[in-house]
Amino acid sequence: MTPDPARILLVVNHTENRRLLLEHLRQYYQVSMGGNGQIEPLLDQPFDLCIVDGVLLKQYWQAIQLRKQQVQPVFLPVLLITHHPDVTLMTQNLWGTIDELITKPIEKAELQVRIEMLLRSRRFSLQLEAALNREREANELKSRFISMASHEFRNPLNLILGFARLLGSGRNVTPEQRIDFSQRIINAGNRMVTLLDDILITIRAENDQAAFNPVAIALEPYCRQLTEEVNLSVDPTHPVNFVYEGDQISAQFDEPLLRQFLTNLLSNALKYSPADRPVQFRVRPQPDRVTFQIQDQGIGIAAADQPKLFNAFYRAENVGNVPGTGLGLAIVKQAVERHGGTIELESALDMGTTFTVTLPLTIADAS
Ligand code: ADP
């Protein structure tokens, strides 16, 4: 893929000079330009380099400087075209605004060299910023992991240690208590195993090592049974309602991944909505794709949280005491993308949430 041409903003007062520059520059760059009175809106548009002449610099230096400050630490270069005598008349403010100058009459080759040097510095600064952002994201991930681990590992571990000490203390423990304590230790251990499995799934999928073995699955009976399994494991007064809209089909899916993302979405819908609000699971096969829609009328997700929800260990502000690790949706996203599908969400605080997964369909067999 060839990179997009750099965007140059031409802020030149003299009409004929502007036309000549435009004619030359637009062979290599994407150029936008304006004369007096048309500059401010152009400065709000994205560009990689501004070429300005002395007359308009005196008029617009503040607006240009403001723009440079807004995008810091990314470097937004400004190249001044000037007559020699102008240079000595420059005030400190004007000097502070520009990064390079070229004197008239302009040599095309020289202009090109200066432009390219400035654009190269800009590219470096953009790369540096991207690296900084990656570093920032990695740090955020680390903080989220530590905050999750400190709850989710510590609670079951404390429980295991507490009950194991009781059992080993030689104190009088009835046979019923012994069974109860052992069961609690096993449950806490299982929670930790599930958590570790989730972490490993996320890391493995991030490194693209997750296996993908599609097999033919009869869509309607599979989803119906999965709903029943989810319903058996939760509060019986808060079931998922299953709706299937379309023909009976068999299609190719990776079964463990399909199960993973559907159970995660269904159990979230139940977990984050009160028992008296129904949860609906709607499956709609179409000729070339299938949509799975999971809709609840629960606590909803604030708009500010929505873009970050699929990041590992991220939890929204409004989860309150609802337990969780913030791993489920990261796993869902990976499982969906492994199928070449997409996931969207619509949500409003205290109104509810709808997740819609769309997967391309490879029909295995019409039944
Ligand atoms: P968790 O283990 O915290 O449930 P997930 O990765 O499954 O982790 O979800 C990430 C976050 O997305 C949750 O902590 C919660 O803030 C939000 N979330 C997910 N599903 C829903 C939903 N159906 N309703 C409201 N919030 C949700």
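Atoms within a ligand are numbered from 1 in the order they appear, just like the ligands themselves.
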Main-chain N/O of A335 paired to H339 side chain as donor or acceptor, under 3.5 Å: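 At least one qualifying donor-acceptor pair exists.
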Side-chain donor/acceptor of D53 to backbone N/O of I81, under 3.5 Å: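 Not a single qualifying donor-acceptor pair exists.
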Any chance the side chains of [X] and [Y] put a donor and an acceptor closer than 3.5 Å?
X: E255; Y: Y222; value: yes
X: R136; Y: N133; value: yes
X: Q260; Y: N264; value: no

Judged by non-hydrogen atoms, does [X] sit under 4.0 Å from ligand 1?
X: N264; value: no
X: F310; value: no
X: G300; value: yes

Checking a contact table here: which protein heavy atom is nearest [atom], and how many Å away?
atom: atom 23 (N) of ligand 1; value: D296 OD2, 2.8 Å
atom: atom 3 (O) of ligand 1; value: R315 NE, 2.5 Å
atom: atom 13 (C) of ligand 1; value: Y272 OH, 3.4 Å
atom: atom 6 (O) of ligand 1; value: L329 N, 2.7 Å
atom: atom 26 (N) of ligand 1; value: I301 CG1, 3.3 Å
atom: atom 7 (O) of ligand 1; value: N268 ND2, 2.8 Å
atom: atom 16 (O) of ligand 1; value: A316 N, 2.9 Å
atom: atom 2 (O) of ligand 1; value: T325 N, 2.8 Å

Tell me, yes or no, whether the heavy-atom count around [X] atom [atom1], taken from other residues, nucleotides or ligands under 6.0 Å, exceeds 12.
X: Q69; atom1: CD; result: yes
X: N190; atom1: CG; result: yes
X: K104; atom1: NZ; result: yes

At a 4.0 Å threshold, what atoms of ligand 1 neighbour a non-hydrogen atom of [X]?
X: I299; value: 25 (C)
X: F355; value: 20 (N)
X: L309; value: 11 (C), 12 (O), 17 (C)
X: Y314; value: 10 (C), 11 (C)
X: V319; value: 14 (O), 15 (C), 16 (O)
X: L327; value: 6 (O), 8 (O)
X: G324; value: 1 (P), 2 (O), 3 (O)
X: K271; value: 1 (P), 2 (O), 4 (O)

Mutual orientation of the aromatic rings belonging to H24 and Y28 [parallel < 30°, tilted 30-60°, perpendicular > 60°]: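 Judged by the thresholds at 30° and 60°, the geometry between H24 and Y28 is perpendicular.
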Aromatic plane relationship, F181 with F163 - under 30° parallel, 30 to 60° tilted, over 60° perpendicular: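 Tilted.
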Check: V234 and V240 side chains under 4.5 Å, non-hydrogen atoms: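 A side-chain contact under 4.5 Å is absent here.
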From N318 atom CG to I299 atom CD1, the distance as rounded to the nearest 0.5 Å: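 Rounded to the nearest 0.5 Å, the CG-CD1 separation comes to 4.0 Å.
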